[in-house]
A.B. asks: 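Have a look at the structure that comes next, please.
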Amino acid sequence: MKHFKRLFSYLVALTMVLSLAAFAGVNVHADTGNSLTITNNGKTAHTFELYQIFTGTQKDKTDSTLGDIEWGSGVTDAGRNQLGNAAENAKKLNNDSAKARTLAKTLDKNRYLQNPTYSKDSSGEKFAVPKDEKYTFGNLETGYYLVKDEANTQTGENSAYTDYICCVVGKTEAETKLDVPTTIKKVQENKKDVNKDDLETDANMNDVKLGNHFNDVADYSIGDNIPYELIGSLPTNYDKYTDGYFYQFTDIMDKGLTRNDDVNDDVQAWISNDDGSSWTKIYSGFNVSPVSKDASTGKTTFTVTFDNLKNAKDKDGSVITTDSNSKIKVTFTAKLNGDAEYGNPGNVNESYLKYSNDVNGEGKGETTHDKVVVFTYELDSTKVDANETTTKLEGAEFILADSNGEGKKYLVQTKDKEGKVTNNTWTTDENEATKFVSGSDGKFEIKGLDDGTYYLQETKAPAGYNIDSTLKKVTINATTSNGQDWNGSAEALTALSLGKLNNSGDKEKGTVSEQITNTKGSSLPSTGGMGTTLLYVAGGILVACAAAYVIISRKKSAKK
């Protein structure tokens, strides 16, 4: 059998074979006995399998060059027959990491592997090596070994299959560097000064710009279009996926949110090859699923799927270049609907990414879920007598304006058969505005409002009371944890008040409350009352005076 001088030069190339892993840090020591110590630098625990691919001999303990290459015990007879001479196969791989990856894939996908040695605990049972811990395979023969994960063990969050070949001569150490994509979700705030100049970043993906006013928390009116974005990264070994790369966003919305699936081209996809300063729109190479609804929870789900991200194309039909530094973004809008929650816990939208995680196979992993939340509020008003505030006034009518000056618009509110507010729009025609009427308890409610300043205008007073035509300013102050680090574990709405009245809001119910007074109208005389009596008295006096005048006049005439 032919000896290969300095065979260790292509050993280094072989060690670069991996799945979602890059192999690094191999140190060979001349010592009695051979061992392989692997440090798990992945994000999940790994049950390692070790297969002997090639055997070889050393000239002496100080020389890492191997000769007399033969197939190892980890390769089946079928594999040996199919692949041919072991030494020739090893020689083809010299300094060619792509061919080394091809060999690993061939052995794995064609089931040419046998006799695995597993990572085991002290009792001899299979052992999943925890993150950041080491495991040592001892008493190994000199040769080349394929290290991989046990099948179907890397299917959960942040999972990736390791799959690489390394040479074991003496005591060998390796760090299994498993890199997986990450994903973040953002919602755009429409009023508050949040990430105003796009200077903030998310700790889970701090190398990409998020877009102005995008963060994790926002508040809106029912019926408003709410912009969302999903952003995903790629693993460092993305270029090793020569057969394509599966990439799928899944978005899950609470029942209070409705995606605008009736709007043409509302869901769009983009690629950035810088820090997100510029994005290229993807025109083909992905598909958007219909929205599906969970009957038990009311939540809706849709997916945006790239069967092969490396085939995404631009407007001209050209493939858009992607590499491990590229970012993928999906944008869409949704509305708050009649099932929206008021106040905490809000209306949550979450997403995650499913991705290829096995260079040599079809395995797929998932990222952790990321969440954002949207709030909406309710203004509760009570109409009372100005002098007797315990007296509730029925029949007062109001309209709501968004300002008190030029360009003023009025709220038009739509409800379903159950009385739920399904849409809020604004009109410049005062006659089209929705009239809110106080009930027997003096109350009227205006639901589904964004935070901010509004103006109530009385259009009809209760019977017996004067109308107050002045605009009444009402300000909904919602304090939210606007930022890039909300993860759904804490309340994002921390305080709620009306104007400067700190105790006037209920952040759990999402309501702010106030009283509006009316004064009684002027009192007028009524039939049969004092006014009539006075007329009678005055008339009697006039009659008496007339009678006296007549009598006096007659006496004067008689004397003459």
Side-chain angles (χ1 to χ4, degrees), residues 187-198 211-215 217-228 258 260 263 266 331 333-338 340 342 374-381 383 396-415 421-438 444-461 466-480 482 496-501 504-505 510-518:
V187 61
Q188 189 174 46
E189 167 59 37
N190 61 339
K191 290 184 178 180
K192 296 182 175 73
D193 281 343
V194 179
N195 194 19
K196 184 176 180 180
D197 298 316
D198 196 14
N212 286 332
H213 299 286
F214 276 95
N215 81 129
V217 184
D219 26 38
Y220 278 87
S221 173
I222 285 180
D224 284 346
N225 281 322
I226 306 170
Y228 290 94
T258 302
N260 290 317
V263 178
D266 182 68
T331 61
T333 63
K335 285 184 171 69
L336 287 171
N337 59 44
Y342 293 82
V374 172
F375 294 102
T376 193
Y377 312 103
E378 176 181 324
L379 172 63
D380 293 345
S381 301
K383 192 69 168 174
E397 293 184 2
F398 287 85
I399 58 177
L400 187 71
D402 67 344
S403 68
N404 62 352
E406 187 176 351
K408 183 191 309 180
K409 295 180 181 179
Y410 301 92
L411 178 65
V412 180
Q413 194 165 81
T414 305
K415 296 183 179 180
V421 176
T422 57
N423 198 24
N424 286 330
T425 57
W426 298 86
T427 178
T428 56
D429 188 344
E430 183 176 340
N431 295 319
E432 296 177 355
T434 297
K435 290 182 172 58
F436 300 93
V437 183
S438 61
F444 64 93
E445 302 168 343
I446 306 179
K447 295 185 174 183
L449 295 177
D450 196 350
D451 77 330
T453 297
Y454 303 92
Y455 295 85
L456 280 169
Q457 180 178 329
E458 189 171 15
T459 57
K460 181 181 178 181
N466 294 321
I467 190 171
D468 183 0
S469 59
T470 61
L471 292 176
K472 180 176 178 57
K473 182 178 179 180
V474 288
T475 300
I476 300 175
N477 289 326
T479 304
T480 50
N482 302 79
L496 184 63
S497 65
L498 183 68
K500 297 180 179 180
L501 304 177
S504 62
T511 59
V512 289
S513 305
E514 65 169 351
Q515 283 190 341
I516 304 175
T517 60
N518 266 118

A.B. asks: Ile476 and Glu378: side-chain contact (heavy atoms from CB on, under 4.5 Å), yes or no, with the steps?
C.D. replies: CA-CA 9 Å; Ile476 300 175; Glu378 176 181 324; over 6 Å; no

A.B. asks: Looking at Lys409, I want to see if its NZ is surrounded by more than 12 non-hydrogen atoms of other residues, nucleotides or ligands under 6.0 Å.
C.D. replies: no

A.B. asks: Under 3.5 Å, is there a donor-acceptor pair between the Asn195 and Asn212 side chains?
C.D. replies: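 There is no such pair between these side chains.
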
A.B. asks: Could you check whether any side-chain heavy atom of Lys447 comes within less than 4.5 Å of a side-chain heavy atom of Tyr342, counting everything from C-beta outward?
C.D. replies: yes

A.B. asks: State the CZ-OG1 distance between Phe375 and Thr480, to the nearest 0.5 angstrom.
C.D. replies: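 Here the interatomic distance stands at 7.5 Å.
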
A.B. asks: Any side-chain heavy-atom pair from Asn190 and Asp450 closer than 4.5 angstrom?
C.D. replies: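 When only atoms from C-beta onward are counted, Asp450 and Asn190 do touch, with a gap below 4.5 Å.
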
A.B. asks: So, do Ile226 and Val374 sit near enough that their side-chain heavy atoms are less than 4.5 Å apart?
C.D. replies: yes

A.B. asks: Which heavy atom of Leu400 sits nearest a heavy atom of Trp426, and at what distance?
C.D. replies: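 Minimum heavy-atom separation between Leu400 and Trp426: O-CZ3, 3.8 Å.
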
A.B. asks: So, taking the atom named CG in Leu336 and the one named OH in Tyr220, what distance separates them when rounded to the nearest 0.5 Å?
C.D. replies: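 Here the interatomic distance stands at 9.5 Å.
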
A.B. asks: Tell me yes or no: between the side chains of Ser381 and Glu514, is some donor less than 3.5 Å from an acceptor?
C.D. replies: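 Side-chain D/A pair, Ser381 to Glu514: present.
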
A.B. asks: Side chains of Thr470 and Asp468: do they bring a donor and an acceptor to under 3.5 Å?
C.D. replies: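 Thr470 vs Asp468: donor-acceptor pair found between side chains.
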
A.B. asks: Ignoring hydrogens, what is the shortest heavy-atom contact between Asn482 and Asn215? Give both atom names and the distance.
C.D. replies: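 Shortest heavy-atom contact: CA-OD1, 3.3 Å.
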
A.B. asks: Any heavy-atom pair between the side chains of Leu379 and Glu445 that's under 4.5 Å?
C.D. replies: no

A.B. asks: Other residues, nucleotides and ligands only: do more than 12 of their heavy atoms fall within 6.0 Å of NZ on Lys191?
C.D. replies: yes

A.B. asks: For the residue pair Thr453 and Val474, establish whether any side-chain heavy-atom pair is separated by less than 4.5 Å.
C.D. replies: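 Not touching, per the 4.5 Å side-chain cut-off.
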
A.B. asks: Can a donor-acceptor pair be found between the side chains of Lys335 and Asn225 at a distance below 3.5 Å?
C.D. replies: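 Per modelled atom types, Lys335 and Asn225 side chains form a pair under 3.5 Å.
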
A.B. asks: Quick one: pull up CD in Glu397 and CZ in Phe444 and give me the separation to the nearest 0.5 Å.
C.D. replies: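 Spacing of CD (Glu397) from CZ (Phe444) equals 11.0 Å.
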
A.B. asks: Roughly how far, to the nearest 0.5 Å, is the CD1 atom of Ile446 from the CZ atom of Phe436?
C.D. replies: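 Answer for the CZ-CD1 pair, Phe436 versus Ile446, is 4.5 Å.
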
A.B. asks: For Tyr228 and Thr331: C-alpha separation, side-chain torsions, deciding distance, then whether side-chain contact (heavy atoms from CB on, under 4.5 Å) applies.
C.D. replies: CA-CA 6 Å; Tyr228 290 94; Thr331 61; over 6 Å; no

A.B. asks: Hey, does Tyr455 have a side-chain heavy atom less than 4.5 Å from the side chain of Gln457?
C.D. replies: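 In short, these two side chains do not touch, never coming nearer than 4.5 Å.
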
A.B. asks: Heavy atoms only: give me the nearest Ala461-Glu458 pair and the separation to one decimal.
C.D. replies: CA-OE2, 3.5 Å

A.B. asks: Do the side-chain N and O atoms of Thr333 and Asp266 include a donor-acceptor pair separated by under 3.5 angstrom?
C.D. replies: yes

A.B. asks: Looking at Asn423 and Ile222, what are the two nearest heavy atoms and their distance?
C.D. replies: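 So the minimum-distance heavy-atom pair works out to N-CG2, 3.9 Å.
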
A.B. asks: With sequence neighbours excluded, what pairs up with Glu430 under the salt bridge (charged side-chain N to carboxylate O under 4.0 Å, His left out) test?
C.D. replies: none

A.B. asks: Can you find a pair of side-chain heavy atoms, one from Asp451 and one from Asn477, that are under 4.5 Å apart?
C.D. replies: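 When only atoms from C-beta onward are counted, Asn477 and Asp451 do not touch, as no gap falls below 4.5 Å.
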
A.B. asks: Is there a side chain to side chain donor-acceptor pair (under 3.5 Å) between Asp380 and Thr511? Walk through the geometry before answering.
C.D. replies: CA-CA 7 Å; Asp380 293 345; Thr511 59; 4.6 Å; no

A.B. asks: Say you draw a straight line from CG of Asn424 to OG of Ser221; how long is it, rounded to the nearest 0.5 Å?
C.D. replies: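 Rounded to the nearest 0.5 Å, the CG-OG separation comes to 4.0 Å.
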
A.B. asks: Which atoms form the tightest heavy-atom contact between Lys435 and Thr459, and what is the distance?
C.D. replies: CE-OG1, 4.2 Å

A.B. asks: At what distance, to the nearest 0.5 angstrom, does CG of Asp198 lie from NE2 of His213?
C.D. replies: 9.5 Å

A.B. asks: What closest approach, in Å, do Gln413 and Thr434 show between heavy atoms, and which atom pair accounts for it?
C.D. replies: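 Closest approach of Gln413 to Thr434, heavy atoms only: N-OG1, 2.8 Å.
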
A.B. asks: For Tyr377 and Asp219, test the side chains for any donor-to-acceptor distance below 3.5 angstrom and give the result as yes or no.
C.D. replies: yes

A.B. asks: Is any side-chain heavy atom of Phe214 less than 4.5 Å from a side-chain heavy atom of Pro227?
C.D. replies: yes

A.B. asks: Quiz question: by atom type and distance under 3.5 Å, do the side chains of Thr414 and Thr422 form a donor-acceptor pair?
C.D. replies: no

A.B. asks: Can you check whether Glu432's main-chain N or O pairs, donor with acceptor, with Thr427's side chain at less than 3.5 Å?
C.D. replies: no

